[in-house]
Amino acid sequence: MGAGFAGVGCVRRLERQLAPGEAEIALVAPFSYQLYLPLLPQVASGVLTPQSVAVSLRRSQKHRTRIIPGGAIGVDTKAKVCVIRKITGEIVNERYDQIVLSPGSITRTFDIPGLVDNARGMKTLAEAAYIRDHVIAQLDLADASHDEAERASRLQFVVVGGGYAGTETAACLQRLTTNAVKHYPHIDPKLVKWHLIDIAPKLMPELGDKLGNSALKILRERGIEVSLGVSIAEAGADKVTFTDGRVLPCRTLIWTAGVAASPLIGTLGAETVRGRLAVTPEMNVPGLDGVYALGDAAAVPDLAKGDGAVCPPTAQHSMRQGRRLADNIVASLRHQPLQPYVHKDLGLVVDLGGRDAVSKPLGIELRGLSAQAVARGYHWSALRTNVAKTRVMTNWLINAVAGDDFVRTGFQSQKPATLRDFEYTDAYLTPEQVREHTASMTARG
Ligand SMILES: Cc1cc2nc3c(=O)[nH]c(=O)nc-3n(C[C@H](O)[C@H](O)[C@H](O)COP(=O)(O)OP(=O)(O)OC[C@H]3O[C@@H](n4cnc5c(N)ncnc54)[C@H](O)[C@@H]3O)c2cc1C
């Protein structure tokens, strides 16, 4: 359930390991692609086209898996039935013997007035494409406006969240607007301002002090105003209030302040650790027969770190967990012992756009072009299909030669979609509704 890093990693390995006729595999997936999320900031900034980071499921699977186009909206773990809303809206029940829950995560929000209506996340392809259009639209509208107040609010951009997702997003988009504004004769470039804020005292603490400070220096030198120890008190349609009292005219608020497990996890009524499903190191859910969970949605113990730590929500862990879990499912079908998941973190790569980057592969601190080469090389090699690799490489080459493109493709509707719309957070059934659905199936036999 869920065709992300964890789900696809698991399915591909199952297809290879299971003998024909040994098992049937079904994959519940709302979209026909696996999204390569780490490259989303480059989609938002127009360096990559949306298709290049959407890796086709049909190309990367071996055609043995039945792909069900829809989303799971509930699971009856007693009756062993998954309730699915197909992309047509039709609700169907799917029986299972073993179920792998890998629905990933959604943008974590807080009870801040106006936040869910006025902020956009950076978790889906639609959000990245929307933000790109939205940012270019602000330049277009500011250029055409004679109203100083309107121009001021359209030319200030706020990104909340100083983790790698927010930092990369602010850095890549600031580069886009810096290059684009040269083509807008009525905009004073000094008025275009990007703000990156985080309640924590440091940017990307996982990078360590030296490298984190290098990233901060690069951002500040490029004119991004970084405010640490600060969050949002209120988010309006054309202004944002910071917790330090500043009120900023602004129509672009990008919210990347962490992730929360998919709302599906909360409907199971099982034990959770900070919202993620509690699982054993072998990734089964204690007390629920035939239920496994992994990736961002599950709290998989991090045995390499020990001390009760759980794996951070990263692609690096999710895809490896997928492969380990597939081996465990095969082992359970063959009555062999299961193995725990163990992986020592390989480090972090942060692409700040252009030649700017910081990386820490295997503990080695890199900056500039060498860090950029490691970051891009890592992502490129992790893309699953040769088609995706070719698309991404071609886009990078075109961007290096021809620079950024500032096309607004018209993805914006009259009424801007909200975080809820983009991430389908209201799509799920309550446990009672799940039982009603599965009971009607049992009644029909
Ligand atoms: C901007 C950004 C940058 C990142 N950069 C890095 C990085 O550099 N390195 C790194 O290691 N990690 C990075 N990450 C984190 C990484 O992308 C996630 O940890 C990883 O995608 C989690 O894998 P997953 O399989 O658990 O979830 P996902 O990859 O998100 O996949 C979940 C899948 O389940 C589907 N789904 C959701 N709900 C349902 C449902 N109800 N039914 C069926 N399907 C459903 C979704 O559509 C999706 O396809 C980044 C994340 C973001 C947002």
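One is the number of the first residue; the rest follow in order along the sequence. Whatever order the structure lists them in is the order used to number ligands and atoms, beginning at 1.
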Under 3.5 Å, side-chain donor or acceptor atoms of residues 256-264 against the rest of the protein: list the pairs with distances, not counting sequence neighbours.
unit_1, atom_1, unit_2, atom_2, d
Thr256, OG1, Val160, O, 2.8
Ser262, OG, Leu264, N, 3.1

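For the side chain to side chain contact (heavy atoms under 4.5 Å, CB included) test, residues two or more places apart in sequence or in another chain that qualify with Lys305 are Asp302, Ala309.
No side-chain N or O of Asn93 forms a donor-acceptor pair with one of Thr438 less than 3.5 Å apart.
Taking the six-membered ring where the residue is Trp, Phe157 and Trp194 present parallel rings, their angle staying beneath 30° rather than reaching 60°.
The salt bridge (Lys or Arg N to Asp or Glu O under 4.0 Å) analysis of residues 267-295, with sequence neighbours excluded, yields the pairs Lys80-Asp289.
Closer than 4.0 angstrom to ligand 1 lie heavy atoms from Met1, Gly2, Ala3, Gly4, Phe5, Ala6, Val28, Pro30, Phe31, Leu37, Pro38, Pro41, Gly71, Ala72, Ser102, Pro103, Gly104, Met122, Lys123, Tyr164, Ala165, Gly295, Asp296, Pro313, Thr314, Ala315, Gln316, Ser318, His379, Tyr428.
The only option from Ile131, Thr107, Val159, Val43 that meets the side chain to side chain contact (heavy atoms under 4.5 Å, CB included) definition with Met122 turns out to be Ile131.
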